[in-house]
Protein chains: 2
Amino acid sequence: MQLESLQLFVEVMRYGNFADVARAHGVAPSSVSRSIAALERDLGARLFQRSTRRLTPTEAAAVFYHRLQPALREIESARAAAGDLQREVSGTLRVSAPAAFANSAIVPLLPEFAALYPQLGLDLEISDRFVDLLEERIDVAIRLGSLPDSNLVARRLAQMSFQVCASPDYLRRRGVPQVPADIAAHDCLLFPRVGYDLDWLFRDSGGEVEKVRIEGRIQIANSAAILSCAIAGMGLALLPDWLLRDALATGRLQALFADYEVSATDFDSAVWILYPSRSYLPQKTRVFVDFLGERYATRPA
Amino acid sequence: MQLESLQLFVEVMRYGNFADVARAHGVAPSSVSRSIAALERDLGARLFQRSTRRLTPTEAAAVFYHRLQPALREIESARAAAGDLQREVSGTLRVSAPAAFANSAIVPLLPEFAALYPQLGLDLEISDRFVDLLEERIDVAIRLGSLPDSNLVARRLAQMSFQVCASPDYLRRRGVPQVPADIAAHDCLLFPRVGYDLDWLFRDSGGEVEKVRIEGRIQIANSAAILSCAIAGMGLALLPDWLLRDALATGRLQALFADYEVSATDFDSAVWILYPSRSYLPQKTRVFVDFLGERYATRPA
DNA sequence: TTTATTAGTGCGTATAATGCACGAATGCAG
DNA sequence: CTGCATTCGTGCATTATACGCACTAATAAA
């Protein structure tokens, strides 16, 4: 029984065919086929019913998979733990982050981080869905907003604050709103959120919250696209500060309502960093978490 | 990382030296030495401090060992479980069968079968369409009639013979037909079949085939419903023997033309049992196929 | 000091793995 | 209904790997 065959089997269960697994591993499909066949010989049981175009796992495969997968992960984890005891930061760190945040807040920091730890490879998995850290073998994940409960270790990187902004061109044409109620007369770029109405919340320095109904003809569920629209002068946008930093710094956008905190949902969104709660935290994970923590402490988002 | 290297490592931790492990495995000591060295390369950490006459496990080895050992045991156990599923009658058997056949010919046998194999769960998928065994993860399928070609293993359970019958009440009112041609004057219960005209075929003991045009006002594409109509005295019905057994035995129906073979299509219909593959045939599939085979051999349908 | 045993290393051979090409099967698009 | 493309499996030639043997260095016990 080959360990590689077991890993291939697990991936075949995930992908549902041999060819994709072969491509992912850079080997010939026949190799995968032979590995699985060898495994079946070892088990004395058929794992997949094959028709040329479809693989169907047998009951034996399902049983084997559900017990094998945790064991393989444990071996991998044990290997990492043993290695990290005597090794410096090395290997590959798999980071999962939302697309917009990765592009504007992580990628700019990568050169410095990579220079700090030349032995460490970085695998940035960009995805806006909530990935399963264990399933995808993610070491560290960035999550925005409020946090669903889980058995992961969570650390709050920074408070996430929002700002209303528009392009100078737009403000010249339509005027600069002075108080929150003024935005009712403006085009707003809408980010549809399930469970929330089309209101923006403004909290003044005294803590008073004002809710203003907004209107607009453009609605996009992608904050990077909303940013582009705002820069193009299509209206007011409510966006998180980490996404605006560049555009504000270069003057392509102009922030409004400096005296207010603004939000579309509530006022306690944050940037979270998550990692699996392992008894032995790999060095690479620790240094990455510490690095981001430092960065966001000294240069708050 | 080789699975065998991991197993060797565990044993080295137990024995405390390479030579004994090598002897226990019937390999050369140099082989063990090389396996451990490869493992150390994979981990990036030294596992043993070697002095020619003594091995001292490092801290990394201790950490690795304590997590590796349960994982290896789990893999071995998972392998045994998957294999046992093949060799022992356990798990769940998914059977696909046409509704009428399932109700009258399979369900009555289930109590006995279930008692024979108490560890086996049974999932009876009743469907009159031709399901894709792989797609639906079906272990065994029952098919009636003639068989479309496929890459499945097919076994003929029994010849399927048809009989013309009617209720005693109906025969009292309308008279008992003596020769095939007599049925032209009777109400017949029609089962519409694509590609076949409304004729019934009679083959006498001499092999002579007679085709008789039938007529009737009731047409139902459901043999169980036709059975009910016949029992209710609504006409003559041409039905497969396995569907009639009960009604004939209790006298609710009476068979006609004992000296003829009858059919609505051709004379070589059969009950087929199909399963996906012959290699690594799970025990649960084998016992079910054998059980039905025995049942239909001793008590022909 | 001698002896016996152990780990590590070259080296040649034997076994195993791999890729490629080909064939059969099958789902999909036109 | 018919090509078209993709997928899995197998035979074959090639390549890579693993293995044992012989030998060296080292060390604990006699």
Side-chain angles (χ1 to χ4, degrees), chain A residues 1-42 45-58 61, chain B residues 1-9 11-42 46-58 61 129-138 141 147-154 194-195 274-280:
Chain A
M1 200 163 49
Q2 294 280 7
L3 190 61
E4 197 185 346
S5 299
L6 299 177
Q7 288 159 341
L8 285 177
F9 164 71
V10 166
E11 301 216 25
V12 170
M13 287 293 284
R14 294 226 186 92
Y15 281 84
N17 63 67
F18 291 177
D20 286 347
V21 175
R23 273 189 287 271
H25 276 70
V27 297
S30 57
S31 208
V32 179
S33 173
R34 278 187 283 242
S35 286
I36 299 299
L39 201 52
E40 289 177 328
R41 253 184 286 111
D42 282 333
R46 181 160 266 253
L47 291 170
F48 299 98
Q49 294 295 353
R50 296 128 161 111
S51 90
T52 38
R53 298 286 286 187
R54 176 162 303 162
L55 284 187
T56 307
T58 64
Chain B
M1 200 161 52
Q2 295 279 4
L3 191 60
E4 197 185 346
S5 299
L6 298 176
Q7 288 158 344
L8 284 176
F9 164 72
E11 300 214 27
V12 170
M13 288 295 284
R14 275 192 46 81
Y15 281 86
N17 63 70
F18 292 177
D20 288 345
V21 175
R23 275 189 285 273
H25 276 70
V27 297
S30 58
S31 207
V32 179
S33 172
R34 278 187 282 241
S35 285
I36 299 299
L39 201 52
E40 291 177 322
R41 254 185 286 112
D42 283 331
R46 196 163 186 76
L47 290 170
F48 300 100
Q49 293 298 346
R50 284 97 153 156
S51 76
T52 337
R53 297 285 287 186
R54 179 159 305 169
L55 288 185
T56 309
T58 63
R129 66 196 165 83
F130 274 25
V131 300
D132 181 345
L133 270 67
L134 275 67
E135 172 105 33
E136 309 276 333
R137 299 203 325 285
I138 298 294
L147 213 58
D149 67 318
S150 78
N151 54 351
L152 302 171
V153 179
V194 287
L274 302 184
Y275 45 93
S277 166
R278 190 152 263 159
S279 59
Y280 302 118

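Below, chain A is the first sequence line, B the second, and so on; all start at residue 1. These numbers come from the heavy atoms of this one structure, side chains and all, not from hydrogens, waters or symmetry mates.
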Polar pairs (N or O, both sides) under 3.5 Å between protein and nucleotides 2-5 of chain C?
residue, atom, partner, partner atom, Å
C:dT5, O4', B:Arg53, NH1, 3.2
C:dT5, O2, B:Arg53, NH1, 2.6

TODO: Verify the contact: side-chain N or O of A:Ser51 to OP1 or OP2 of C:dT26, cut-off strictly under 4.0 Å; return yes or no.
DONE: no
TODO: Tell me what B:Ser30 touches on the nucleic acid: a base, only sugar-phosphate, or nothing, going by heavy atoms under 4.0 Å.
DONE: base
Open item on the list: Under the side-chain contact (heavy atoms from CB on, under 4.5 Å) test against A:Leu39, which residue among A:Met1, A:Gln2, A:Arg34 passes?
Closed with: A:Met1
TODO: Please say whether more than 12 non-hydrogen atoms of neighbouring residues, nucleotides or ligands are located less than 6.0 Å from CD in B:Glu4.
DONE: no
- [ ] Please work out whether the ring planes of B:Phe18 and B:Phe48 are parallel, tilted or perpendicular, with thresholds of 30° and 60°.
- [x] perpendicular
- [ ] Would you indicate, yes or no, if C:dG8 has its OP1 or OP2 atom less than 4.0 angstrom from a side-chain nitrogen or oxygen of B:Ser33?
- [x] yes
TODO: Would you tell me if any nitrogen or oxygen in the side chain of A:Gln2 comes within less than 4.0 Å of OP1 or OP2 on C:dA16?
DONE: no
Open item on the list: What verdict does the side chain to side chain contact (heavy atoms under 4.5 Å, CB included) test give for A:Arg50 and A:Ile36, after you've listed the backbone C-alpha separation in whole Å, the side-chain angles of each residue and the deciding distance to 0.1 Å?
Closed with: CA-CA 11 Å; A:Arg50 296 128 161 111; A:Ile36 299 299; 3.6 Å; yes
- [ ] Using a 4.0 Å heavy-atom cut-off across all strands, classify A:Val32 as base, sugar-phosphate, or nothing.
- [x] nothing
TODO: Specify the angle, to 10°, made by the local axes at the two ends of the helix from C:dT1-D:dA30 to C:dG30-D:dC1 when five pairs are taken at each end.
DONE: 40°
TODO: Write down the distance between CG (A:Leu47) and P (D:dC8), rounded to a whole number of angstrom.
DONE: 15 Å
Task: Closest-nucleotide 5' rank along DNA chain C - winner of B:Arg34 and B:Phe18 - done: B:Phe18
Task: Spatial distance of atom OG (B:Ser35) from atom CG (B:Leu8) [nearest 0.5 Å] - done: 5.0 Å
- [ ] For B:Gly16, report the nucleic acid contact type (base, sugar-phosphate, nothing); a contact means any heavy atom under 4.0 Å.
- [x] nothing
